[in-house]
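Shown next, in structure tokens, is the structure this report addresses.
Computed from heavy atoms alone, side chains included, the values below leave out hydrogens, waters and symmetry copies.
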Amino acid sequence: MIDIHWLNTFVALAKYQHFGKTAAALHMTQPNVSLHLKQLEQTTRVKLIERNPFRLTQAGERLLQSAENTLMELQICQADLNAINELNRGTLTIAASDIISRLLLISPFQSFKKEYPGIDLSLFNTTSSQATELVKSAKADLGFVIAQKESQPLHFTELRQVKWCALGNGLSRWQSLSADPSQKLPTELLAAEEPTLILLGHDTRTRELIDMALPLLKLKKYHVMEVGSVDAQIDWAEAGFGVAIVPSFSLHSKPHLKTQITPLPDFPTTSLGYIVRQNQVLSRAIKQLLRWVDEEIQRSQ
């Protein structure tokens with residue numbers, strides 16, 4: 001019979017394509033990785049990999065499909081069993097972007113730790129797209145995302161609408177100049193030929209939404225400065241390096257900003273909410289955490 005530990009090692013080996021890296025990732029010794037592969041090949045009676053250069057055989061490719069599905073189903077099953085058993089010890093894993101975790105989750109997490117001291121909260125600080133994949137694979141029990149696109153195998157519940165604003169001076173003047181190039185360039189803008197928009201990187205769902213809406217700014221030309229977080233957008237805009245396009249709720253905790261805030265009512269709104277797997281069993285602890293998050297959102301509006 002195939003051992004589940006052998007399958008786990010095989011899937012990791014297929015991912016890293018290196019015995020040493022696989023051993024490090026699984027906190028095993030390299031000989032044990034080799035032993036698991038040998039036992040798996042002996043049990044299945046087929047060769048699963050070629051070593052030089054590393055590649056999966058046809059049989060290995062076929063086993064990898066089943067092994068990944070099997071391990072995922074077992075992980076999902078264990079998560080549901082924990083929920084049914086009203087888990088009060090162990091780990092609850094949350095996936096959320098930097099801005100969502102910083103503005104909406106800190107206070108609910110504090111309440112959770114007081115109510116459920118036996119449960120460790122683990123946070124994946126990631127993008128909405130990556131959070132989706134973590135919940136799909138049951139590596140995260142709950143994900144907080146912006147603009148969830150997919151339905152099955154996930155269920156999305158909206159918590160609030162997200163509106164957009166521009167943080168930084170000079171946007172309206174640049175829009176006026178784009179509309180009428182014959183206007184004389186204001187003195188304070190002489191140093192720059194084109195405005196700079198401070199945006200998140202391309203690997204975020206927020207950036208996808210912003211890129212689609214940028215024509216609404218009616219700027220003929222502009223530079224783009226890419227940064228890694230909404231906090232960085234705000235800091236660079238405050239320092240005078242350009243105009244940041246950010247979710248309006250990200251500025252609620254910053255009442256003393258010096259730069260101009262311009263609402264962008266024509267930008268299409270999107271949704272902030274949470275995702276779980278379809279038919280996922282939610283424990284009493286997860287339901288309580290969601291109530292605290294909802295209360296935090298109501299306070300911040």
- Message: As a quick check of understanding, evaluate salt bridge (charged side-chain N to carboxylate O under 4.0 Å, His left out) for K139 and E133, giving each step before the final call.
- Response: CA-CA 8 Å; K139 294 177 181 176; E133 294 304 315; over 6 Å; no
Quick check on the hydrophobic clustering: are [X] and [Y] connected, directly or via other members, by side-chain heavy-atom contacts under 4.5 Å?
X: F267; Y: L197; answer: yes
X: L134; Y: V276; answer: no
X: F241; Y: Y222; answer: no
X: L251; Y: I210; answer: yes
X: F109; Y: I297; answer: yes

Under 3.5 Å, which donor-acceptor pairs do the side chains of residues 94-106 form with other protein atoms, sequence neighbours left out?
residue: S97; atom: OG; partner: I100; partner atom: N; Å: 3.4
residue: S101; atom: OG; partner: S97; partner atom: O; Å: 3.1
residue: S101; atom: OG; partner: D98; partner atom: O; Å: 2.9
residue: R102; atom: NE; partner: D231; partner atom: OD1; Å: 3.4
residue: R102; atom: NE; partner: D231; partner atom: OD2; Å: 2.9
residue: R102; atom: NH2; partner: D231; partner atom: OD1; Å: 2.7

- Item | Residues in ring-ring contact (aromatic ring centres under 6.0 Å, His included) contact with F112, at least two apart in sequence or another chain |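 If we apply the ring-ring contact (aromatic ring centres under 6.0 Å, His included) test to F112, skipping adjacent residues, the hits are Y116.
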Does some side-chain heavy atom of [Y] sit less than 4.5 Å from a side-chain heavy atom of [X]?
X: P268; Y: L209; result: no
X: L64; Y: L48; result: no
X: R51; Y: F19; result: yes
X: H155; Y: I275; result: no
X: R277; Y: K136; result: no

Would a distance-only check, ignoring hydrogens and angles, find a side-chain to backbone donor-acceptor pair under 3.5 Å from [X] to [Y]?
X: N169; Y: T259; answer: no
X: Q233; Y: I245; answer: yes
X: W6; Y: L37; answer: no
X: T57; Y: K47; answer: yes
X: S248; Y: K163; answer: yes

For atom [atom1] of [X], is the number of surrounding heavy atoms from other residues, nucleotides or ligands below 6.0 Å larger than 12?
X: F54; atom1: CZ; value: yes
X: W236; atom1: CH2; value: no
X: Q42; atom1: CD; value: yes
X: K113; atom1: NZ; value: yes

- Check: Q110/S107 side-chain N/O donor and acceptor closer than 3.5 Å: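 No.
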- Task: With sequence neighbours excluded, give me every ring-ring contact (aromatic ring centres under 6.0 Å, His included) pair touching residues 277-299.
- Result: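 Qualifying pairs: none.
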What's the spacing between [X] [atom1] and [Y] [atom2] if we round to 0.5 Å?
X: R62; Y: S66; atom1: CZ; atom2: OG; answer: 3.5 Å
X: L40; Y: L35; atom1: CG; atom2: CG; answer: 11.0 Å
X: R207; Y: S129; atom1: CZ; atom2: OG; answer: 13.5 Å
X: L63; Y: E68; atom1: CG; atom2: CD; answer: 10.0 Å
X: T269; Y: Q161; atom1: OG1; atom2: CD; answer: 4.0 Å
X: I146; Y: L159; atom1: CD1; atom2: CG; answer: 11.0 Å

Can you give me the closest heavy-atom contact between [X] and [Y], atom names plus distance?
X: A67; Y: V11; result: CB-CG2, 3.6 Å
X: L257; Y: I234; result: CD2-CG2, 4.0 Å
X: P263; Y: C165; result: CA-CB, 4.1 Å
X: G60; Y: F10; result: O-CZ, 3.5 Å
X: F156; Y: L272; result: CZ-C, 4.1 Å
X: L26; Y: A12; result: CD1-CB, 3.8 Å

- Going by the side-chain hydrogen bond (donor to acceptor under 3.5 Å, both in side chains) test, name the single residue among N8, T9, T22, D3 that passes it with H36.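 Testing each of N8, T9, T22, D3 against H36, the sole residue satisfying side-chain hydrogen bond (donor to acceptor under 3.5 Å, both in side chains) is T9.
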- Message: Set out, in order, the CA-CA distance, both residues' side-chain angles and the distance that settles side chain to side chain contact (heavy atoms under 4.5 Å, CB included) for W164 and T206, then state yes or no.
- Response: CA-CA 11 Å; W164 306 93; T206 299; 3.5 Å; yes
- Task: For the pair V135 and L154, evaluate side chain to side chain contact (heavy atoms under 4.5 Å, CB included) and give the outcome as yes or no after the intermediate values.
- Result: CA-CA 8 Å; V135 174; L154 300 174; 3.7 Å; yes
- After noting the C-alpha distance and the side-chain angles of V246 and I198, does the key distance pass the side chain to side chain contact (heavy atoms under 4.5 Å, CB included) rule? CA-CA 9 Å; V246 297; I198 305 170; over 6 Å; no
- Only one of V243, L214, V227 passes side chain to side chain contact (heavy atoms under 4.5 Å, CB included) with L199; say which it is.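 Only one of V243, L214, V227 forms a side chain to side chain contact (heavy atoms under 4.5 Å, CB included) with L199, namely L214.
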- Would you sort out whether T127 and V145 count as a side chain to side chain contact (heavy atoms under 4.5 Å, CB included), showing the intermediate values? CA-CA 8 Å; T127 66; V145 300; over 6 Å; no
